[in-house]
Visitor: 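One structure follows; several queries about it will come next.
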2 protein chains.
Amino acid sequence: MNVNVDLGRVMKHQELWLENQICHRLYMASNSVNRAYRPLLDALGLTYPQYVVMMSLWQTDGVMVNELQSTTQIDNGALTLILKKIADKGLISLIPVADDRRKKRVSLTADGKGLQEKAASIPNAIRCRFPSLNDEDSTALKLLLDKLLGDLQGQSDE
Amino acid sequence: MNVNVDLGRVMKHQELWLENQICHRLYMASNSVNRAYRPLLDALGLTYPQYVVMMSLWQTDGVMVNELQSTTQIDNGALTLILKKIADKGLISLIPVADDRRKKRVSLTADGKGLQEKAASIPNAIRCRFPSLNDEDSTALKLLLDKLLGDLQGQSDE
DNA sequence: TAAATTTACTTTGCATGCAAACTAAACTAG
DNA sequence: CTAGTTTAGTTTGCATGCAAAGTAAATTTA
């Protein structure tokens, strides 16, 4: 008695069923998480990608755009606009490097540094939205996502 | 000897570090997966969300738009455009329901049904991109993502 | 050292994702 | 039966994500 024929469906192409796919779950999870962040980030005047950039800078300030790109994995084209926007908000300054005038250094302003205190409560607020995931689950999930990311990163380079 | 101070960073706000976050991994994973699908889906003339809609219809044809929305989790506004586009490609027909003229039934055309054969190889091609994830890992990852999705779904309704 | 190439972004065109406003049809209360 | 409400989709404005073309500066070649 296979559950897959309960509704009289043909047993063909089960790999194409949404319930069987990791990728569709990732798609839904990423969007759901983004929606969960929105109300919290609205209070800071940031979008999620902008928040990711700020987090990266709070951790390591004064980096080149391409370093920020590889850390955050945000698309280059999008990153240009995102940096322009958070620069307009006065959170960062974009300074061309004297050595190599193609490069730009991204540095936090005082306001940008100060925003970290306001953001400090967000990670915990988000974690509380996943009551079903205990610490062990979280660790396991990170590990599995790292495996997946490792696979996908390596391949494009070869 | 804590690895977190290896580079002399202050031990403050570690929750804000990207490496410690599930959400940033989900963001990167979802985008990476989307990029992995692109060359495969280009051959079918579909984008990933369009492919998700087609998969849902291959599994259950002739549903209302709102059923398709809850199955695929694609945004309503986006879904309207996506349905218009795959209808323009001749893969589906959108027929207003006689009972309730607000509703529309989404039905596969012969071409739409035929496309399933061409798509049949995609799930396996994608799975091959994750050599590090064995079957056990895949099952575990699905389970963890389902937990996370369950948490996020329930909350917005309350 | 002049041409070819590479590097570090920027810009452009298209396709979502999302919240919010909007429309039309069906439903409920009085 | 009519006003108010809910439901099913659509439209709109803004912010990415992505591939591809474009730019300017640095590097390598010949």
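Everything quoted here is computed from the prediction, not taken from an experiment. Within every chain, numbering begins at 1; the chains are lettered A, B, ... in the order of the sequence lines, protein sequences first and strands thereafter.
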Visitor: OP1 or OP2 of D/dT11 less than 4.0 angstrom from a side-chain nitrogen or oxygen of B/K84, does that happen here?
Guide: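 For D/dT11, OP1/OP2 do have a side-chain N/O of B/K84 under 4.0 Å.
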
Visitor: Can you list, pair by pair, the side-chain donor-acceptor contacts under 3.5 Å of residues 77-88 of chain B, counting residues two or more places apart and other chains?
Guide:
residue	atom	partner	partner atom	Å
B/T80	OG1	B/N76	O	3.4

Visitor: Do B/L68 and B/L57 have side-chain heavy atoms sitting under 4.5 Å apart?
Guide: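 Contact flag for B/L68/B/L57 side chains = yes.
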
Visitor: For A/D137, check salt bridge (charged side-chain N to carboxylate O under 4.0 Å, His left out) against everything at least two apart and list the hits.
Guide: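 With sequence neighbours excluded, A/D137 shows a salt bridge (charged side-chain N to carboxylate O under 4.0 Å, His left out) to B/K147, given in chain and number order.
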
Visitor: Take atom CG of A/N66 and atom P of C/dC9, then tell me their distance rounded to the nearest Å.
Guide: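 After rounding, the gap between these two atoms is 5 Å.
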
Visitor: Expressed as a whole number of angstroms, how long is the span from B/M64:CE to D/dG9:C1'?
Guide: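 Rounded to the whole Å, the gap is 13 Å.
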
Visitor: Please enumerate all residues that pass salt bridge (charged side-chain N to carboxylate O under 4.0 Å, His left out) together with B/D100, with sequence neighbours excluded.
Guide: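 In terms of salt bridge (charged side-chain N to carboxylate O under 4.0 Å, His left out), with neighbours along the sequence ignored, B/D100 is linked to B/R102.
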
Visitor: Look at B/K104 and D/dT7 and indicate whether a side-chain polar atom (N or O) is within less than 4.0 Å of OP1 or OP2.
Guide: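 Negative; the distance criterion is not met.
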
Visitor: Taking ring pair (Phe, Tyr, Trp, His ring centres under 6.0 Å) as the test, write out the residues that go with B/Y48, two or more places apart.
Guide: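 Expected list: A/Y27, B/Y37.
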
Visitor: Tell me: CD of B/Q69 to C1' of D/dA8, nearest whole Å?
Guide: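 Rounding to the nearest Å, CD of B/Q69 and C1' of D/dA8 are 11 Å apart.
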
Visitor: Which other residues end up in the same hydrophobic cluster as A/L143, if Ile, Leu, Val, Met, Phe, Trp and Tyr are linked when side-chain heavy atoms come under 4.5 Å apart?
Guide: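 Cluster partners of A/L143: none, it stands alone.
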
Visitor: So if I define the base as every atom that isn't primed, P, OP1 or OP2, how would nucleotides 12-19 of chain C read as a B/S/- string at a heavy-atom cutoff under 4.0 Å?
Guide: ---SSSBS

Visitor: Checking one residue: A/V97. Which other hydrophobic residues are in its cluster under the side-chain 4.5 Å linking rule?
Guide: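 Cluster partners of A/V97: A/M64.
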
Visitor: Looking at residues at least two apart in the chain, or sitting in another chain, which of them share a side-chain hydrogen bond (donor to acceptor under 3.5 Å, both in side chains) with B/R35?
Guide: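 Here the qualifying residues are B/S32.
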
Visitor: Protein within reach of the bases, or only the backbone? For nucleotides 23-28 of chain D, mark each nucleotide 5' to 3' as B, S or -, using heavy atoms under 4.0 Å.
Guide: --BS--

